[in-house]
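Note sheet for the following structure.
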Amino acid sequence: MGKEPAFDRASHEAADPSDQLNDGARADLLLEQKRSLEQLNTWFEVALNNMVRGLSMFDADQRLIVCNKSYRQMYSLPEELTQPGTPLTDIVRYHVRHETGRQGAGEDAKFSRWLTEHRTKLAEGRSFSQIQHLRSGRTLLVTYQPLADGGWVDIQEDITEKRRTEEKIEWLAHHDALTGVANRFYFRETFEQALKGLGKGQSLALHWLDLDEFKEVNDTYGHPIGDALLKAVAQRLRASIRKTDFLARLGGDEFAIIQIGAVRSDQCERLAKRLQASISKPYNILGHTITISASLGIVRAPGHGRTADELLKNADIALYSVKSAGRRGFELYRRGCGQHIDAQHRLEADIQTALSRDQFELHYQPILSLRTHHVSSCEALLRWRHPRNGMISPPEFLPLAEKTGAIVDIGRWVLGQACRDATRWADELTVTVNLSLLQFESGDLTSVVQKALSDAGLPPSRLELEISEALLERDKGKMRCTLEELHRLGVGITLDNFGKATGSLSSLRSFPFDKVKIDRRLVREVPGGADNAAIVKAVAALAETLGMGTVAEGIETLDEFNTVARAGCNKAQGFYISRPVPVGELDAVLSECALRHSHAA
Ligand code: C2E
Ligand code: CA
Ligand code: CA
């Protein structure tokens, strides 16, 4: 506050011995004091009535001392009930009548109970709060602060919006934003609760529903129409179930319905048929007539399993058994019906749709320059977040992706994503991407790489591609040709896993690689590890003569780190430096690497 308040000045002056003043001066002083007091009152009133919160103050006899405008408005009090001296009972009685529209012995009894409680709490001398829901739909948080003389101050905060936001957040956490039905987390919670709540002789059924060929709708008409179709499907499903049943979207084009009640198998089947019939009527979406069907796997609890996991697994088996036969329809789980479907086959089916369901992600592992002790590149390593099996690593699913050919599309995605990620890193960092044989054989690898770079806006010099030594054995002609094209683009090419397969020098010479990555088997210290060190040293020396750099991978210990540094390798990678991490954690890992290794530079 800029200037000293007038009432302060007045009180200082009042401290002067006033009997030294003559009558005229005394009268002046009194007038000035009165003015200051009036001024103070005005300020006080302005402040009070400009508060967003309601405020009132009562004395020990429960009579109103003062209240502000917000208080009057929040409780819609008439003018006469806001005058100093008004008994609390009058105010509350008015309020109760206004809120409930009632007046009678019942209300009076409630009111006197409230008053007794209120007095007891005040007597404890601590502040306390209460939530009040008003008829107008507003919610107030009222805080009472007892005063030393037996009175109190209460403050009303309108928390309606805050409550609504909280409810919205709560809703979003439990629902699927697209269709408005429950999401998979809420489903899981509800399913577990429902299972726990099953009494003796009671049962429920779970219908796991998957749209047939939904991907085709997306591919043909585009995502906006695919989304609109999912919304329409959810609406029809909701209309086909009872109020006591529960509908959720598990993700993508998968829905689940919990059918509550004593469910016999014929009842399950009736609902399944009803669901299928309602889904398969044609849809009119933005001018397109679309038809789609659904397949369902059904389990009954407790008959087909006691835990949510067991039941979900069995519902999935039933669903898979419908789908794998290329049939459409529904199937009630039968013990043993999944036995002929081995895990491998199911993964094989799942990997076909994993990309369109956004189940892949890239983790990155830093590669440290042994010359500068800075991270010079990060290798993109693919991870599959499988909806039921959790995180799966490449050795488990790459063979399937190769076998089914899915690797071509997956590899294209990896290139695109890695280039996009790298644009957010420091300019001196490159990104390293692994390639599969099938990507070379599919024909257009060069243009795929070119497109990934130009879409992301990444200079070719910031991309390095790794080709496993073993691949060179399997393809010589075409691969060499493509590698040359890629080299001309300006991307780096590394021979990966050198020494794991043949380790023959011919592979080093088969193409002018920029780098050789020495396989961790060669690096690993084995009994008599001195030989290994000698081999690594020889490879590093040879690579240098051929004008190539060397990366030692799989470095797990300080000893190994020192060995490969002494052997003359240019770069090192491995758990000793950092494990592969999700892209979101990379910044932190890079800072930590900088701290840990910079002293050695
Ligand atoms: P890679 O190219 O030899 O990648 C290095 C592998 O070694 C990674 O396994 C990595 O997690 C692991 N590793 C790193 N440091 C250490 C260490 O200090 N000790 C040990 N024991 N292991 C370490 P990951 O991620 O399971 O990948 C396995 C292989 O899958 C990769 O071997 C690569 O050939 C292939 N791969 C990964 N991502 C892709 C991809 O996007 N496309 C293709 N085509 N292949 C990929
Ligand atoms: Ca690699
Ligand atoms: Ca490797």
Side-chain angles (χ1 to χ4, degrees), residues 351 354-355 359-368 375 377-385 391-419 421-422 430-442 445 448-449 452 463-472 474 479 492-501 503 507 513-526 539 550-561 563-564 569 571-583 589 593:
I351 207 163
L355 195 60
Q359 289 167 359
F360 288 113
E361 54 191 77
L362 290 181
H363 285 199
Y364 288 96
Q365 186 177 36
I367 301 172
L368 192 82
V375 172
S377 185
C378 292
E379 179 171 4
L381 294 162
L382 189 58
R383 298 290 179 265
W384 180 12
R385 197 179 283 282
M391 201 67 108
I392 310 185
S393 71
E396 290 171 77
F397 68 79
L398 278 179
L400 288 178
E402 304 256 0
K403 183 174 155 204
T404 59
I407 190 66
V408 177
D409 286 340
I410 298 172
R412 187 181 303 126
W413 175 83
V414 171
L415 276 164
Q417 188 61 41
C419 289
D421 285 342
T430 63
V431 63
T432 303
V433 173
N434 294 284
L435 293 176
S436 281
L437 186 62
L438 224 56
Q439 286 175 280
F440 285 93
E441 290 177 347
S442 72
L445 184 59
V448 170
V449 170
L463 176 65
E464 297 185 63
L465 300 171
E466 291 195 358
I467 293 96
S468 188
E469 187 195 47
L471 300 191
L472 294 179
R474 288 163 55 188
M479 183 178 286
I493 316 267
T494 302
L495 178 64
D496 196 3
N497 304 335
F498 180 79
K500 185 177 178 179
S507 60
F513 292 101
D514 301 291
K515 286 193 195 80
V516 192
K517 202 178 242 191
I518 304 171
D519 191 69
R520 60 169 169 274
R521 270 172 224 209
L522 268 188
V523 170
R524 186 86 348 122
E525 290 217 279
V526 287
V539 174
T550 34
V551 187
E553 73 175 340
I555 305 300
E556 290 184 357
T557 64
L558 176 62
D559 272 356
E560 288 168 2
F561 185 81
T563 306
V564 298
C569 293
K571 289 166 202 267
Q573 177 182 12
F575 296 167
Y576 174 70
I577 295 145
S578 164
R579 290 192 171 256
V581 293
V583 67
V589 164
C593 282

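Indexing begins at 1, ligand by ligand and atom by atom, following the structure's order. Bear in mind the structure is a predicted one, so any value in this text is a computation, not a measurement.
Using the six-membered ring where Trp is involved, W384 and F397 have ring planes that are perpendicular, over 60° apart on the 30 and 60° scheme.
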Quick one, K517 with I367, criterion side-chain contact (heavy atoms from CB on, under 4.5 Å). Give me CA distance, side-chain angles, the key distance, then yes/no. CA-CA 11 Å; K517 202 178 242 191; I367 301 172; 4.2 Å; yes
Should E466 and N497 be marked as a side chain to side chain donor-acceptor pair (under 3.5 Å) after you check the CA-CA gap, both sets of side-chain angles, and the distance that decides it? CA-CA 9 Å; E466 291 195 358; N497 304 335; over 6 Å; no
Check the pair F360, I351 against side-chain contact (heavy atoms from CB on, under 4.5 Å), reporting the backbone distance first and the verdict last. CA-CA 10 Å; F360 288 113; I351 207 163; 4.2 Å; yes
For the pair W413 and L382, evaluate side-chain contact (heavy atoms from CB on, under 4.5 Å) and give the outcome as yes or no after the intermediate values. CA-CA 10 Å; W413 175 83; L382 189 58; 3.8 Å; yes
Is there a side-chain contact (heavy atoms from CB on, under 4.5 Å) between V408 and E441? Walk through the geometry before answering. CA-CA 9 Å; V408 177; E441 290 177 347; over 6 Å; no
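Of the protein's non-hydrogen atoms, D496 OD2, 3.9 Å is the one closest to atom 1 (P) of ligand 1. For atom 16 (C) of ligand 1, the nearest protein heavy atom (residue, atom name, distance) is F575 CE2, 3.1 Å. The nearest protein atom to atom 29 (C) of ligand 1, hydrogens excluded, is given as P394 CB, 4.2 Å; this is a heavy-atom distance. Nearest non-hydrogen protein atom to atom 44 (N) of ligand 1 is S436 OG, 2.9 Å. Of all protein heavy atoms, the one closest to atom 15 (N) of ligand 1 is Q365 NE2, 3.0 Å. Nearest protein heavy-atom neighbour of atom 4 (O) of ligand 1: L381 CD2, 3.6 Å.
There is no protein heavy atom closer than 4.0 angstrom to atom 9 (O) of ligand 1. In this structure, atom 32 (O) of ligand 1 is not in close contact with the protein, since no protein heavy atom lies within 4.0 Å of it.
Using a 4.5 Å heavy-atom threshold, the side chains of I467 and F440 count as touching.
The nearest non-hydrogen atom to atom 43 (C) of ligand 1, considering only T432, N434, L382, comes from N434. Of all the listed residues (E402, E556, Q439, E396), E556 holds the heavy atom that lies closest to atom 19 (N) of ligand 1.
When non-hydrogen atoms are compared, ligand 1 lies under 4.0 Å from the side chain of E553 (C-beta onward) but not from its backbone. Residue-level proximity to ligand 1 for N497 is carried by the side chain, the only part with a heavy atom below 4.0 angstrom. The side chain of P580, and not its backbone, has at least one atom closer than 4.0 Å to an atom of ligand 1 (non-hydrogen atoms only; side chain from C-beta on). With a heavy-atom cut-off of 4.0 Å, R520 touches ligand 1 through its side chain alone. Only the side chain of E379 comes within contact range of ligand 1, with a heavy atom under 4.0 Å; no backbone atom does. Contact annotation for P395 and ligand 1: only side-chain heavy atoms (C-beta onward) come within less than 4.0 Å of the ligand. Of all the heavy atoms of K517, none lies under 4.0 Å from any atom of ligand 1, so neither backbone nor side chain is involved. With a heavy-atom cut-off of 4.0 Å, L362 does not touch ligand 1 at all.
Atom CZ of R520 sits about 9.5 Å away from atom CD of Q573, to the nearest 0.5 Å. Here the CD1-CZ distance, from I577 to F561, works out to 5.5 Å after rounding to the nearest 0.5 Å. For the atom pair CD of Q359 and CZ of R385, the computed distance is 10.5 Å after rounding to the nearest 0.5 Å. One distance of note links CG of L495 with CZ of F513; it measures 4.5 Å at 0.5 Å rounding. In this structure, the separation between CG on L400 and CD on E396 is 10.0 Å, given to the nearest 0.5 Å. Remark: C569 SG to I555 CD1 distance equals 7.5 Å, nearest 0.5 Å.
Tested against Q439 for a side chain to side chain contact (heavy atoms under 4.5 Å, CB included), the candidates V414, L415, L471, I410 yield a single pass: L415. Between E379 and the options N434, T430, T494, a side chain to side chain donor-acceptor pair (under 3.5 Å) holds for only N434.
Note on E553: not counted as a metal contact of the Ca ion (ligand 2), no N/O/S atom lying under 3.0 Å.
A side-chain N or O of E361 and one of H363 form a donor-acceptor pair less than 3.5 Å apart.
At the Ca ion (ligand 2), the angle from OD2 in D496 to OD1 in N434 is 90° when rounded to 10°.
Looking only at N/O/S atoms, E466 comes nearest to the Ca ion (ligand 2) through OE1. Closest N/O/S atom of E379 to the Ca ion (ligand 2): OE2.
The distance criterion of under 3.5 Å between nitrogen or oxygen atoms is not met by Y576 with respect to ligand 1. In terms of N/O distances under 3.5 Å, ligand 1 is not approached by V414. Distances between N or O atoms of R383 and those of ligand 1 include at least one value under 3.5 Å.
Atoms of ligand 1 found under 4.0 Å from any heavy atom of G574 (numbered from 1 in listed order, with element): 15 (N), 18 (O). Taking a cut-off of under 4.0 Å to the non-hydrogen atoms of L398, the atoms of ligand 1 that pass are 30 (O), 35 (C), 36 (N), 45 (N), 46 (C). Using a 4.0 Å cut-off to heavy atoms of I555, the atoms of ligand 1 that qualify are 18 (O). Near L435, with a cut-off below 4.0 Å to any heavy atom, the atoms of ligand 1 are 44 (N).
Of the possible polar contacts, one joining the T557 side chain to the E560 backbone as a donor-acceptor pair under 3.5 Å is found.
For the pair G554 and ligand 1, a heavy-atom separation below 4.0 Å is found.
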